[in-house]
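Data block below; observations after.
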Amino acid sequence: MKFSVLASGSSGNAIYVENEEHSFLVDVGLSGKKMEQLFSEIDRDIKKLSGIFITHEHSDHIKGLGVVARKHGIPIYANEKTWLAMDPLIGKVPVDQRFQFDMETVKTFGTMDIQSFAVSHDAVDPMFYIFHENGRKLVLITDTGYVSDRMKGHIKGADSFVFESNHDVSMLQMGRYPWSIKRRILSDVGHVSNEDAAVAMSEVVDIKNTHIYLSHLSKDNNMKDLARMSVAQTLNSCGIVAGEYVHLHDTDANVPTELVTV
């Protein structure tokens with residue numbers, strides 16, 4: 001199983017996952033043209049996708065969904081409430097490309113199991129995904145205001161995480177956003193901070209070679225170096241030394257990460 005974080009941030013999100021039989025996209029938060037460019041940068045063909053999984057209906061996760069799915073005839077998977085919310089936003093999708101993926105269930109594609117789980121975000125029914133194959137586990141979890149014990153139970157022990165590290169609390173509080181937006185981001189249905197993300201990570205990583213991709217960084221209230229430093233410091237304070245068996249990686253809003261094996 002391999003993956004690449006094609007884009008991650010407030011301007012658009014998309015994650016690519018493949019094995020020898022299938023290839024999938026989680027969210028299509030950028031234009032169709034930009035998505036094709038990102039696929040070319042990892043030397044993959046967007047037309048060969050087996051399916052697209054949607055986490056929730058916010059525009060930075062579905063901006064290019066309708067265009068990409070229609071152009072290439074790709075099946076779309078989302079839960080019922082998310083379908084209802086995003087239908088008016090993505091244009092008409094043929095019936096034979098529409099599939100329901102219920103919350104807290106598993107779908108199997110050959111040797112790969114894909115598990116959905118609920119998160120806490122201000123969307124109608126947000127959920128993220130865990131990919132399982134041959135004893136390996138890839139967790140995708142962004143766009144959540146906090147990481148509950150139930151979520152931790154689902155994601156614990158993954159080999160690779162794409163984990164939200166959205167903002168630095170001080171930068172957010174001192175920044176230019178109106179208080180209403182600051183309150184939303186800081187709420188239980190907003191986004192997790194660097195420090196809160198790291199505390200959650202400290203409770204779910206096993207003592208084995210684990211890779212964490214810090215994702216969905218705010219362009220106004222965070223920086224890659226700051227996120228990495230803050231997460232490393234918090235992990236260290238919890239007895240986990242970043243760089244030993246836990247390795248931190250950056251993601252970018254415009255440049256895909258290297259396609260790596262889980």
In Å and rounded to the nearest 0.5 Å, what is the OG1 to CD distance from T251 to E164? 10.5 Å
Any sub-3.5 Å donor-acceptor pair from S31's side-chain atoms to K34's backbone N or O? yes
Atom NZ of K81 and atom CD of Q100: how far apart are they, to the nearest 0.5 Å? 11.5 Å
Minimum heavy-atom separation for N236 and A242, please, with both atom names. OD1-N, 3.3 Å
Pair N79, T82: side-chain N/O donor-acceptor within cut-off below 3.5 Å: yes
Between R150 and E104, is the closest basic N to carboxylate O distance under 4.0 Å? yes
Are F161 and I130 in one and the same hydrophobic cluster, where Ile, Leu, Val, Met, Phe, Trp and Tyr link if side-chain heavy atoms are under 4.5 Å apart? yes
Answer whether the closest heavy-atom distance between the side chains of Q37 and E41 falls below 4.5 Å. yes
Apart from L38 itself, members of its ILVMFWY cluster (side-chain separation under 4.5 Å) are L6, Y16, L25, V28, L30, M35, F39, I42, I46, L49, I52, I54, I62, L65, V68, I74, I76, W83, M86, L89, I90, V93, L259
Chi angles and distances behind the side-chain contact (heavy atoms from CB on, under 4.5 Å) call for L138, V17: CA-CA 9 Å; L138 165 65; V17 184; 3.9 Å; yes
Parallel, tilted or perpendicular: which fits the ring planes of H22 and F109, with parallel below 30° and perpendicular above 60°? perpendicular
Side-chain H-bond candidate by donor/acceptor type, D220 with Y177, under 3.5 Å: yes
Heavy atoms, side chains only, cut-off 4.5 Å: are I185 and N166 in contact? yes
The criterion is ring pair (Phe, Tyr, Trp, His ring centres under 6.0 Å); which residues satisfy it with H58, sequence neighbours excluded? H56, H121
Decide whether M103 and F128 are clustered together by the hydrophobic rule: side chain heavy atoms of Ile, Leu, Val, Met, Phe, Trp, Tyr closer than 4.5 Å, transitively. yes
Qualifying residues under side chain to side chain contact (heavy atoms under 4.5 Å, CB included), relative to A227, sequence neighbours excluded: S165, N194, L214, L217, N222
Can you tell if the side chain of T261 reaches within under 4.5 Å of the side chain of M1, non-hydrogen atoms only? no
Apart from V255 itself, what residues make up its hydrophobic cluster, given side-chain heavy atom links below 4.5 Å? none
Supply the members, apart from V67, of the Ile/Leu/Val/Met/Phe/Trp/Tyr cluster built from side-chain contacts under 4.5 Å; use none for a lone residue. none
State the OG-CG distance between S170 and N221, to the nearest 0.5 angstrom. 11.0 Å
If we ignore hydrogens and angles and just use 3.5 Å, is the side chain of K47 paired with the main-chain N or O of K71 as donor and acceptor? no
So which pairs with a foot in residues 212-232 pass ring pair (Phe, Tyr, Trp, His ring centres under 6.0 Å), sequence neighbours left out? F3-Y213, H61-H216, H191-H216, Y213-H249
Co-membership, hydrophobic cluster, residues V260 and I141, 4.5 Å side-chain: yes
Validation row: L248, V231 side chains within 4.5 angstrom (heavy atoms): yes
Within a strict 4.5 Å, meaning less than it, do heavy atoms of the K152 and V147 side chains meet? yes
Determine whether M201 and I212 make a side-chain contact, defined as any pair of heavy atoms from C-beta on separated by less than 4.5 Å. yes
By salt bridge (charged side-chain N to carboxylate O under 4.0 Å, His left out) - contacts of E18 (at least two apart): R44
Mind checking what makes side chain to side chain contact (heavy atoms under 4.5 Å, CB included) contact with E21, not counting sequence neighbours? N19, T111
Taken in chain and number order and not counting sequence neighbours, the residues that satisfy ring pair (Phe, Tyr, Trp, His ring centres under 6.0 Å) with F99 are Y77
Where A85 and V124 come nearest, the two heavy atoms and their spacing: CB-CG2, 3.8 Å
Could you go step by step and tell me if T144 and V192 meet the side-chain contact (heavy atoms from CB on, under 4.5 Å) rule? CA-CA 6 Å; T144 190; V192 293; 4.2 Å; yes
Qualifying residues under ring pair (Phe, Tyr, Trp, His ring centres under 6.0 Å), relative to F101, sequence neighbours excluded: F53, Y129
Within-4.5 Å side-chain heavy-atom neighbours: E57 and T55: no
Could you walk me through whether H154 and Q115 pass side-chain contact (heavy atoms from CB on, under 4.5 Å), step by step? CA-CA 9 Å; H154 286 312; Q115 173 187 355; 3.2 Å; yes
For K137 and A158, which heavy atoms make the closest approach, and how far apart are they? O-CB, 3.6 Å
Minimum heavy-atom separation for S193 and V169, please, with both atom names. CB-CG2, 3.7 Å
According to salt bridge (Lys or Arg N to Asp or Glu O under 4.0 Å), does anything in residues 233-262 pair up with another residue at least two apart or in another chain? List the pairs. K224-D252, R228-D250
V262 versus S160, closest heavy-atom pair with distance: CG1-OG, 4.0 Å
Assess whether atom NZ of K208 is packed by more than 12 heavy atoms of other residues, nucleotides or ligands within 6.0 Å. yes
hydrophobic_cluster_shared for V246 and I207, side chain cutoff 4.5 Å: yes
Do D206 and K156 come within less than 4.5 Å of each other through their side chains, counting heavy atoms only? yes
Please say yes or no: joined through hydrophobic side-chain contacts below 4.5 Å, possibly via intermediate residues, are Y245 and F163 part of one cluster? yes
Are side-chain N/O atoms of T108 and D113 paired as donor and acceptor at under 3.5 Å? yes
Heavy-atom closest pair (S120 atom, M151 atom, distance to 0.1 Å) is N-CE, 3.7 Å
Report the hydrophobic cluster partners of M223, with the cluster defined as I, L, V, M, F, W, Y residues connected by side-chain heavy atoms closer than 4.5 angstrom, directly or transitively. M171, L226, M229
Is it true that, when you exclude D96 itself, more than 12 heavy atoms of the residues, nucleotides or ligands shown sit nearer than 6.0 Å to its CG? yes
Say you draw a straight line from OG of S237 to CD of E195; how long is it, rounded to the nearest 0.5 Å? 10.0 Å
Spatial distance of atom NZ (K92) from atom CD (Q97) [nearest 0.5 Å]: 12.0 Å
To the nearest 0.5 Å, what is the distance between CE on M112 and CZ on R136? 13.0 Å
For the side chain to side chain contact (heavy atoms under 4.5 Å, CB included) test, which of N13, V162, D27 pairs with L140? V162
